Every structure is written in structure tokens, then in C-alpha cells.
Chemist: 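Attaching a single structure in C-alpha cells format; questions to follow.
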Amino acid sequence: MAAAATMLSIQGDWDQVLREAEGEVWVSCRIPGKPTIRGSLTSKGISSDEVPEVTASEEFVVQEVTKVSYLDISSGGDLGVSSSTDQTFKVWETHNTEVKSVLEGHTRDVFSCKFFPSGQEVLSGGLDSLVKVWSVNDGSCLATMKGHRGSILDIAVVADGQNVISSGQDGMARLWDSAQGACIAVVDDSYSPINAIAVAEVGNAVNLGSPKETPSNREVGTEGKLVVLAREDKSLEGVSLHSRQSRWKQGFFCATGKPPQNLRRNHFPETN
């Protein structure tokens, strides 16, 4: 049986409160076998680059305050990864916040970063239209995926990570071979930016349909999975990852998944 983990908790609306001068939120840390440590964080104002200046009560120490655009924790819980607006992101130890590696290679802001199930690689995407795979151990870039014509807004890892998905400002969701850095298929080419994606195993709960063409042998672990697309126009759509067929839209099952006639697809200039 795994040992109980240390748990850090913070007031739910901390991100709003700490943007106010003298705004104060509670914070607590529960360590197995020891009394819970309770304290507070207080904002002393906002710096010129719009980052809150935060101090802590005597029970805690604020080491650094930076803009974080995305955060993920490894499946084992021992590592965290966070991206920011300085074109880099960091992998750090969750038990002491010590930085394990700084991942550099994106040329613009990094919007999203996620661990692979192994915890040894990280997937990222950002404003430079690139999707990248990184080694946690040495910080090297293992693969770069090009094809989107706008910012990468979200990413997802499929099964064990041989395939990954990205969605973007260009209204596309792409399935990639993460090792080769090659696009396997366009899962959806829609009329509105896709802000978020989620992949779920649904098995026989939903009729996912059959592929019209034989899938590539590089496609691994897509069977029985539904990818949900959340678009800028506030619509949701469920698409079979294996067959690429739309299964429902905005909560209603549909046959075609075609966009409303009054909505046009956004067009974006090609990027190098």
C-alpha cells in the first residue's frame, strides 16, 4: 500500500484575492503523522509585469512568484511541470519544489504541458504553433510536430503516449506519432478555434463507428476512445478518435456533425 502523500491546500479563489492590494488567503499543509500547518499569503500589490507581490506568514516561505499558464503532475505524484509566458517551462520535485530541468526550445509563450504516463517525457504546445516532446531527465527535445496554422490551445496524450493529440486556434485537432513527430491524421477540421480537448475510454457505451479507410500502423491505442472538443463558439462535440466520425454535438447525437450554416471557418496565415 502506498504511503500517504503530503497535501498542500489553498483558498479556492486565491487567484482573484491575491490580485488585490492586501488581499489575504489561507493556506495549509498536511504531513502524514504530523499536525496540520496553517498559515496565510498576503498580496502587497501587482508588479509592473502584472505579477502579484506575495508574502507569507511565518509558517511558510514564498520562494518565487511567476506567471504560470499551465500545470500538471506526473502519475506517480513526485514531479510537477509548469509553463509560463517566458517561452520556457520547468519540471520540479513536488516534495520540495526543486527544479529538475528547464525545458527551452519554444520561440513564444508555452500554453500547455502534460506528462506522459511514464513520467519520463513531457508534451508541450504554445503560441509558436509547435507541439514538442521532451525528456524529463536531461531536458532535451525528442520530437517537434509542425502542421498547425495558429496557436496550440490544448494537448492530450493517448494511451501510453505513442500517439498524442493537439488542438489549435486554426480549428484543427491533429493526431500525431509522438516518436516520429509526424501527423497521422486530422481528427477534426472545424469552423471555430478548439480551446480544449479531452480523451476518454468509452468502450461500447457509445457507437464509435468504423474507419472508412484502414488506419495507419503508427496509430496505437485509439480504439474505443472518444475525444471531446470544446470550441470558441461555446459548442462541444464528441468525435470517435479511431473512425474520426462525429458522435454527438452540444449534448445531442448527430449523424453528420456539420457546423451551422451561418458560421464560417477561421483562416490563418501559414507559419514557417
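Everything quoted here is computed from the prediction, not taken from an experiment. Values below: every heavy atom of this structure, side chains too, minus hydrogens, waters and symmetry copies.
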Chemist: Mind listing the closest non-hydrogen atom pair of Val227 and Val187 along with its distance?
Modeler: CG1-CG1, 3.9 Å
Chemist: Cut-off 3.5 Å, no hydrogens considered: what does the side-chain donor-acceptor table look like for residues 71-79, sequence neighbours left out?
Modeler:
| residue | atom | partner | partner atom | Å |
| --- | --- | --- | --- | --- |
| Asp72 | OD2 | Phe115 | N | 2.9 |
| Ser74 | OG | Gly77 | N | 3.4 |
| Ser74 | OG | Asp78 | OD1 | 3.0 |
| Ser74 | OG | Leu79 | N | 3.2 |
| Ser74 | OG | Leu79 | O | 3.4 |
| Ser75 | OG | Pro117 | O | 3.0 |

Chemist: So does Arg19 pair up with Asp13, basic N to acidic O under 4.0 Å?
Modeler: no
Chemist: Looking only at heavy atoms, what is the nearest atom pair of Ala156 and Leu123, with distance?
Modeler: O-CD2, 3.9 Å
Chemist: Got a second to check how far Ser57's OG is from Trp26's CH2, nearest 0.5 Å?
Modeler: 12.5 Å
Chemist: Once you round to the nearest 0.5 Å, how far does NE2 of His106 lie from CH2 of Trp134?
Modeler: 5.5 Å
Chemist: Mind checking the OG-CE spacing from Ser166 to Met172? Nearest 0.5 Å is all I need.
Modeler: 10.5 Å
Chemist: Once you round to the nearest 0.5 Å, how far does CZ of Arg231 lie from NZ of Lys249?
Modeler: 5.5 Å
Chemist: When Arg244 is tested against each of Glu219, Glu237, Glu213 for salt bridge (charged side-chain N to carboxylate O under 4.0 Å, His left out), which residue passes?
Modeler: Glu219
Chemist: Just by distance, do the side chain of Asn163 and the backbone of Arg218 share a donor-acceptor pair under 3.5 Å?
Modeler: yes
Chemist: Once you round to the nearest 0.5 Å, how far does CZ of Phe111 lie from CD of Gln169?
Modeler: 8.5 Å
Chemist: For Ala230, check side-chain contact (heavy atoms from CB on, under 4.5 Å) against everything at least two apart and list the hits.
Modeler: Ala196, Leu236
Chemist: More than 12 non-hydrogen atoms from neighbouring residues, nucleotides or ligands closer than 6.0 Å to CH2 on Trp14, yes or no?
Modeler: no
Chemist: If I compare all heavy atoms of Gly203 with all of Leu208, which pair ends up nearest, and what's the gap?
Modeler: O-CD1, 4.3 Å
